[in-house]
Visitor: 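Attaching a single structure in structure tokens format; questions to follow.
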Amino acid sequence: MVAAVIQPTNIEAVSDDIDAVNILKGNLKKSELYDESEFDKAKDKSGFRQFEDACDRVKNFYVQQHTLQTVAYNIKARNDFKHKARAYMGVWEAMEKLNTFIDECDPDTTETQMSHLLQTAEALRQDGKPRWMQLVGLIHDMGKLLFFFGAQGQWDVVGDTFPVGCAYDERIIYGRESFKKNEDYGHSIYDTKFGIYTPGCGLENVMLSWGHDEYLYHIVKDQSTIPDEGLAMIRYHSFYPWHREGAYHELMNEHDKKMLEAVKAFNPYDLYSKSDSVPDPEKLKPYYLELIDEYFPKKIIRW
């Protein structure tokens, strides 16, 4: 028997071939969306999200966030959003602006946000996920532009999210006790199990703590053709008490149950790509500009 001769592989050519096949196929079937991630199989994941051992910068951030994210503040933030355009620019231009931002609450990386966005998108691309999902990876944290548009600090921009207007669950990072200085803590309505909500009301009707997730969700929902699964990935990717710890499921409706699976499918790419090598934005720019144009009908976005 003659042994097969294995020729050297041109990695870039193979990557281009995969992209071409995916374009011809269109978006992958939804079943493939939920396939287990492959890029992180060999990674040691035990060192991620270690908040108890986090530096004082991270801990101090959550003290402030859990104190100031009140019902009153969230109503005001949403009202301001509806009546104020913060900027007009393209998606890639917005990414470049975000490149100077370092997230104070993230214990896993000190890379710029543009690096993290490209790491996430490239991990999704490597695993052959749908093109719209790659785009979600590219833009999912772009709501952090809020920091440059009148935010009061980082506490109303970043961090794990949670519902306001109902009881703070123990499964929120640092637990219920971390909210003791919040004016809603112990409130006769806001601090009851369902608070201002009803069982099964659906997360669309729940106020999650205001920040980059909520902000970008409303931007993208009205100005892109990203499907519901992608919108859920954007809105809920920081809602760790819900998608990782199982809290607040009593508020879900049937639609939320489907979206939960999509958010879980996205989470490894957001979290575990942070240890990957830093991509070169200029080399990747042509590919992602094409992807942006595919799902954003207007090149200039109202931020």
Side-chain angles (χ1 to χ4, degrees), residues 46-81 98 100-113 116 140-141 143-193 195-197 203 206-217 235-248 251 267 270-271 274:
S46 62
F48 289 87
R49 286 185 60 82
Q50 295 301 310
F51 286 99
E52 292 305 322
D53 299 326
C55 64
D56 288 343
R57 167 180 59 82
V58 174
K59 293 178 179 178
N60 292 338
F61 164 84
Y62 276 106
V63 168
Q64 188 176 36
Q65 187 209 38
H66 290 180
T67 299
L68 299 177
Q69 283 279 359
T70 63
V71 169
Y73 174 74
N74 273 267
I75 292 172
K76 180 182 183 301
R78 285 161 173 78
N79 186 63
D80 290 346
F81 170 80
L98 196 59
T100 60
F101 182 83
I102 302 294
D103 191 332
E104 289 182 353
C105 73
D106 194 333
D108 298 325
T109 185
T110 56
E111 293 290 347
T112 64
Q113 289 303 296
H116 169 54
H140 74 281
D141 273 345
K144 293 176 183 179
L145 285 168
L146 272 173
F147 182 75
F148 303 106
F149 299 148
Q152 297 188 26
Q154 289 209 15
W155 65 267
D156 59 345
V157 178
V158 298
D160 284 10
T161 57
F162 49 86
V164 298
C166 64
Y168 305 113
D169 194 278
E170 285 290 352
R171 288 164 284 186
I172 299 172
I173 191 67
Y174 295 124
R176 177 176 164 77
E177 291 294 299
S178 64
F179 288 89
K180 276 193 168 181
K181 293 183 179 180
N182 187 301
E183 66 183 38
D184 297 340
Y185 186 91
H187 189 279
S188 59
I189 296 175
Y190 299 158
D191 202 22
T192 58
K193 182 174 179 61
I196 60 177
Y197 312 112
L203 294 180
V206 173
M207 278 196 299
L208 297 181
S209 51
W210 180 256
H212 73 283
D213 307 59
E214 285 287 286
Y215 169 62
L216 185 66
Y217 165 70
R235 187 182 186 218
Y236 303 127
H237 73 270
S238 301
F239 193 7
Y240 277 89
W242 175 67
H243 68 70
R244 182 165 175 151
E245 306 299 334
Y248 299 107
L251 297 172
N267 180 248
D270 178 18
L271 183 57
K274 293 174 184 176

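We number each residue from 1, following the sequence as shown.
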Visitor: Provide the closest heavy-atom pair for S238 versus G159 in the form atom of the first, atom of the second, distance.
Guide: CB-O, 3.7 Å

Visitor: Minimum heavy-atom separation for Y168 and Q69, please, with both atom names.
Guide: OH-O, 4.2 Å

Visitor: Do you know which of Y73, Y215, W210 makes side chain to side chain donor-acceptor pair (under 3.5 Å) with D156?
Guide: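 The passing option is Y73.
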
Visitor: Calculate, to the nearest 0.5 Å, the distance between atoms CZ and CZ belonging to R244 and R171 respectively.
Guide: 14.0 Å

Visitor: How many angstroms lie between atom CD of Q154 and atom NE2 of H212, to the nearest 0.5 angstrom?
Guide: 11.0 Å

Visitor: I want to check something: taking the side chain as every heavy atom from C-beta on, are V58 and Y174 in contact at a cut-off of under 4.5 Å?
Guide: yes

Visitor: What pairs of residues pass the salt bridge (Lys or Arg N to Asp or Glu O under 4.0 Å) test when at least one of them lies in residues 60-74, not counting sequence neighbours?
Guide: none

Visitor: How close do D191 and G186 get, heavy atom to heavy atom, and via which atoms?
Guide: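 Heavy atoms of D191 and G186 come nearest at OD2-N, 2.7 Å.
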
Visitor: Which word best sums up how the rings of W242 and F239 line up, parallel for under 30°, tilted for 30 to 60°, or perpendicular for over 60°?
Guide: parallel

Visitor: Compare all side-chain heavy atoms of Y62 with those of D160 and state whether any distance is below 4.5 angstrom.
Guide: yes

Visitor: Are F162 and F179 near enough that their ring centres are under 6.0 Å apart?
Guide: yes

Visitor: Report the distance from atom CG of N60 to atom CD of Q65, rounding to the nearest 0.5 Å.
Guide: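 Going from CG on N60 over to CD on Q65, the span is 13.0 Å.
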
Visitor: Could you go through L68 and Q152, starting from their C-alpha distance and side-chain angles, then the distance that decides it, and tell me whether this counts as side chain to side chain contact (heavy atoms under 4.5 Å, CB included)?
Guide: CA-CA 10 Å; L68 299 177; Q152 297 188 26; 5.8 Å; no

Visitor: Evaluate Y240 against I173 for side chain to side chain contact (heavy atoms under 4.5 Å, CB included), listing each step before the verdict.
Guide: CA-CA 8 Å; Y240 277 89; I173 191 67; over 6 Å; no

Visitor: Supply the atom-to-atom distance M207 CE to I196 CD1, rounded to the nearest 0.5 angstrom.
Guide: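 Answer rounded to 0.5 Å: 4.5 Å.
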
Visitor: Rounded at 0.5 Å granularity, tell me how far CG in D184 sits from NE2 in H66.
Guide: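 Between D184 CG and H66 NE2, I get 13.0 Å after rounding to 0.5 Å.
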
Visitor: Are E245 and E170 side-chain neighbours, meaning at least one heavy-atom pair lies under 4.5 Å?
Guide: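 No, every pair of side-chain atoms sits at 4.5 Å or beyond.
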
Visitor: Can you name the nearest heavy-atom pair linking T67 to T70, along with the distance?
Guide: O-CG2, 4.0 Å

Visitor: Tell me the closest heavy-atom pair linking V206 and P163, and the distance in Å.
Guide: CG1-CB, 3.8 Å

Visitor: What distance do N182 atom CG and Y190 atom OH have between them, rounded to the nearest 0.5 Å?
Guide: 11.0 Å

Visitor: Under the criterion side chain to side chain contact (heavy atoms under 4.5 Å, CB included), I'd like the reasoning laid out for R235 against L208: C-alpha separation, chi angles, the key distance, then a yes or no.
Guide: CA-CA 9 Å; R235 187 182 186 218; L208 297 181; 4.1 Å; yes

Visitor: Which one of S209, S178, P241 satisfies the side-chain contact (heavy atoms from CB on, under 4.5 Å) criterion with I172?
Guide: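 When S209, S178, P241 are each tested with I172, the side-chain contact (heavy atoms from CB on, under 4.5 Å) holds only for P241.
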
Visitor: Do V71 and I75 have side-chain heavy atoms sitting under 4.5 Å apart?
Guide: yes

Visitor: Assess the side chains of D213 and H237: does a donor N or O sit below 3.5 Å from an acceptor N or O?
Guide: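 Their side chains do contain a donor-acceptor pair, which is all the 3.5 Å distance test asks for.
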
Visitor: Step by step, would you call V158 with F101 a side chain to side chain contact (heavy atoms under 4.5 Å, CB included)?
Guide: CA-CA 11 Å; V158 298; F101 182 83; 3.9 Å; yes

Visitor: Any idea which heavy atoms bring G153 and F147 closest together, and the distance?
Guide: O-CD1, 3.8 Å

